[in-house]
Amino acid sequence: MNNKKQEFDWQELKEIWINSAQTKKIHIQVSDLLNELKGKVSQFEKDSIKSDIGILKSSWIQTKSKVSQFEKDAINRDLVTLTRLLKRFLNLFKSGK
C-alpha cells in the first residue's frame, strides 16, 4: 500500500468516526478507560515506558535503512488488514448498531 492510498484510507476513517452518532459516547468511554489505566500505572512503569520509547525511537532512526523489503511488505500488509478491520468497526457505529 502506498502512502497516498494509506493517507486516503485514514482520512476516510477519520470522517466516518467524526460523523458517527456514537462518537461522543465512545470518546467519553475511551477517556474514562485511559484515566483509569493511568491511575493504575505506577511511576516506575511510566518511567520504564518512557525509557523504552526513547530506545525504540533511537534504534528506529539507526536501523531505518536496514529494513528489508520483506519487512516493509509485511508492515504494509498489516496496515491494510488493520485499516480494513477499523473500517468495518467504524461502519458498525455509522449504521447505529
Side-chain angles (χ1 to χ4, degrees):
M1 177 190 281
N2 62 31
N3 286 342
K4 289 193 184 266
K5 171 83 171 117
Q6 186 178 2
E7 184 176 316
F8 174 77
D9 288 343
W10 283 110
Q11 184 59 37
E12 183 180 343
L13 289 172
K14 192 178 188 181
E15 288 173 19
I16 291 170
W17 180 263
I18 290 170
N19 295 323
S20 169
Q22 307 244 350
T23 299
K24 187 173 184 178
K25 179 181 174 187
I26 294 167
H27 179 72
I28 290 169
Q29 289 175 342
V30 170
S31 295
D32 290 346
L33 287 172
L34 286 172
N35 288 336
E36 184 179 339
L37 179 64
K38 286 178 185 177
K40 293 184 178 185
V41 176
S42 71
Q43 189 60 43
F44 173 77
E45 291 169 313
K46 291 176 186 176
D47 293 343
S48 294
I49 291 168
K50 281 183 183 180
S51 171
D52 291 347
I53 290 172
I55 291 168
L56 288 172
K57 281 183 180 178
S58 66
S59 68
W60 170 253
I61 291 169
Q62 293 170 0
T63 61
K64 193 173 182 180
S65 62
K66 296 178 185 178
V67 177
S68 71
Q69 188 59 45
F70 174 79
E71 292 170 309
K72 290 177 185 177
D73 292 342
I75 291 168
N76 282 334
R77 280 192 307 271
D78 292 346
L79 286 173
V80 167
T81 301
L82 287 170
T83 301
R84 184 174 35 83
L85 292 172
L86 190 54
K87 276 185 181 181
R88 288 164 93 191
F89 175 76
L90 291 175
N91 282 331
L92 287 174
F93 289 107
K94 187 177 182 182
S95 66
K97 291 185 179 180

- Note on the structure: When rounded to the nearest 0.5 Å, the distance separating OG1 of Thr81 from CG of Leu86 is 12.5 Å

- Query: Partners of Ser31 by side-chain contact (heavy atoms from CB on, under 4.5 Å), sequence neighbours excluded?
  - Reply: His27

- Got a sec, which residues hit side chain to side chain donor-acceptor pair (under 3.5 Å) with Asn35, two or more places apart in sequence or on another chain? none

- Residues which pass salt bridge (charged side-chain N to carboxylate O under 4.0 Å, His left out) with Glu45, listed by chain and number, not counting sequence neighbours: none

- Query: Which residues pass the side-chain contact (heavy atoms from CB on, under 4.5 Å) test with Leu82, sequence neighbours left out?
  - Reply: none

Identify every side-chain donor-acceptor pair in residues 46-54 under 3.5 Å, counting partners at least two apart or on other chains, and give the distances.
| unit_1 | atom_1 | unit_2 | atom_2 | d |
| --- | --- | --- | --- | --- |
| Asp47 | OD1 | Gln43 | NE2 | 2.9 |
| Ser48 | OG | Phe44 | O | 3.0 |

- CG-CG distance between Asp73 and Asp78, expressed to the nearest 0.5 angstrom: 11.0 Å

